[in-house]
Enquirer: 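Let me give you the structure first, and then I'll get to my questions.
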Amino acid sequence: GQNIDQPTEMTATEGAIVQINCTYQTSGFNGLFWYQQHAGEAPTFLSYNVLDGLEEKGRFSSFLSRSKGYSYLLLKELQMKDSASYLCAVIPGGYNKLIFGAGTRLAVHP
Amino acid sequence: DTAVSQTPKYLVTQMGNDKSIKCEQNLGHDTMYWYKQDSKKFLKIMFSYNNKELIINETVPNRFSPKSPDKAHLNLHINSLELGDSAVYFCASSSGTVSGNTIYFGEGSWLTVV
């Protein structure tokens, strides 16, 4: 089966750095996405990793290790507006679909 | 302009009714999807269409019938609604296969069955 695990909830302080981890066990691998979803809104694209290593995009970075079935999303200089759910999603081998984790609800407080 | 738009945004209906949710994308994408997000916030794929052809059907009850009149539209019709169908339904689209191509989501349709 396909399985994606990420912590349910995290809290952090404004201005700090937070790392959200994601581990996956899938039949094959064709890429990993991170999406942000504010309450009551649609998921929006943050990052895509298909090769090992770190992808940096402004305050957000995403890391992938295919051999470990592991990714993390790093958020720097946290702002209140970063309070949202962060969804890890994997493309299994041979499939044209994303398998989503349950999401990590991040609360940023002053 | 909204890239992926779906209507209605909110729908409250009684058990046993039949309802439809419409979706349109103006991104020129050739692949469209329906995802369901339940109360536990899991996003699960239901269907995927590429150029109007069904390519993914994830063991969804046959009360759910997608229809794609053209590659810019993918509608979802649900017959004999049940309480367990209450969820948020997201339409999405991408250019080609999902590998390496971002999926863009619509704003969701909140379906409540009473």
Side-chain angles (χ1 to χ4, degrees), chain A residues 1-10 20 22 24 26-51 55 57 60 62 64 66 83-107, chain B residues 2-7 9-10 21 23 25 27 29-51 53-60 66 87-112:
Chain A
Q2 326 280 17
N3 197 42
I4 298 174
D5 290 314
Q6 46 183 136
T8 304
E9 291 185 352
M10 298 181 73
I20 303 174
C22 171
Y24 62 89
T26 56
S27 52
F29 177 81
N30 277 330
L32 184 145
F33 287 84
W34 283 95
Y35 276 81
Q36 180 192 60
Q37 186 177 26
H38 284 99
E41 297 183 9
T44 55
F45 170 79
L46 288 178
S47 69
Y48 172 69
N49 294 71
V50 66
L51 300 176
E55 295 277 345
K57 193 186 290 186
F60 293 6
S62 56
L64 175 67
R66 288 172 295 170
S83 294
S85 286
Y86 292 85
L87 309 176
C88 175
V90 173
I91 309 167
Y95 289 97
N96 183 34
K97 65 180 181 182
L98 283 178
I99 309 262
F100 281 87
T104 298
R105 200 159 49 248
L106 174 66
Chain B
T2 304
V4 182
S5 58
Q6 48 184 115
T7 56
K9 183 159 186 175
Y10 300 103
I21 307 172
C23 178
Q25 53 93 5
L27 296 168
H29 289 164
D30 51 10
T31 305
M32 295 186 72
Y33 312 82
W34 277 108
Y35 277 83
K36 178 180 178 181
Q37 190 168 40
D38 59 24
S39 58
K40 295 184 179 177
K41 304 303 181 187
F42 270 103
L43 259 174
K44 291 183 181 174
I45 190 165
M46 300 173 67
F47 301 103
S48 174
Y49 272 72
N50 179 262
N51 281 318
E53 298 294 325
L54 179 67
I55 54 173
I56 293 176
N57 181 342
E58 282 290 298
T59 59
V60 175
V88 185
Y89 292 85
F90 285 99
C91 178
S93 73
S94 67
S95 175
T97 65
V98 91
S99 289
N101 291 302
T102 302
I103 290 183
Y104 293 87
F105 286 87
E107 294 191 341
S109 294
W110 271 251
L111 172 65
T112 303

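For clarity, every value in this text was computed on a predicted model and none was experimentally measured. Order of the sequence lines fixes the chain letters, A, B, ..., with proteins taken first and strands second; residue numbering starts at 1 for each chain.
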Enquirer: Do F45(A) and F105(B) come within less than 4.5 Å of each other through their side chains, counting heavy atoms only?
Expert: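 No, their side chains stay 4.5 Å or more apart.
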Enquirer: Please report the closest heavy-atom contact between A42(A) and G106(B), naming both atoms and the distance.
Expert: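 For A42(A) and G106(B), the tightest heavy-atom pair comes out as CB-O, 2.8 Å.
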Enquirer: Is chain A contacted by the side chain of L43(B), its backbone, both, or neither, given a heavy-atom distance below 4.5 Å?
Expert: both
Enquirer: List the steps and the verdict of side chain to side chain contact (heavy atoms under 4.5 Å, CB included) for Q37(A) and F90(B).
Expert: CA-CA 12 Å; Q37(A) 186 177 26; F90(B) 285 99; 3.5 Å; yes
Enquirer: Rounded to the nearest 0.5 Å, what's the gap from OG1 on T44(A) to CD1 on I103(B)? Could you check?
Expert: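 It comes to 13.5 Å.
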Enquirer: Given the options G101(A), G40(A), P43(A), which has more heavy-atom pairs under 4.5 Å with chain B than any of the others?
Expert: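 Of the options given, most contacts go to P43(A).
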Enquirer: Give the member of G31(A), G103(A), A102(A) that has the highest number of heavy-atom pairs under 4.5 Å with chain B.
Expert: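 Highest number of heavy-atom pairs under 4.5 Å: A102(A).
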Enquirer: Can we call the ring centroids of F100(A) and Y35(B) under 6.0 Å apart?
Expert: yes
Enquirer: Any side-chain heavy atom of F42(B) sitting closer than 4.5 Å to one from I99(A)?
Expert: no
Enquirer: How long is the straight-line distance from CD of Q37(B) back to CG of L87(A), given to the nearest 0.5 Å?
Expert: 7.0 Å
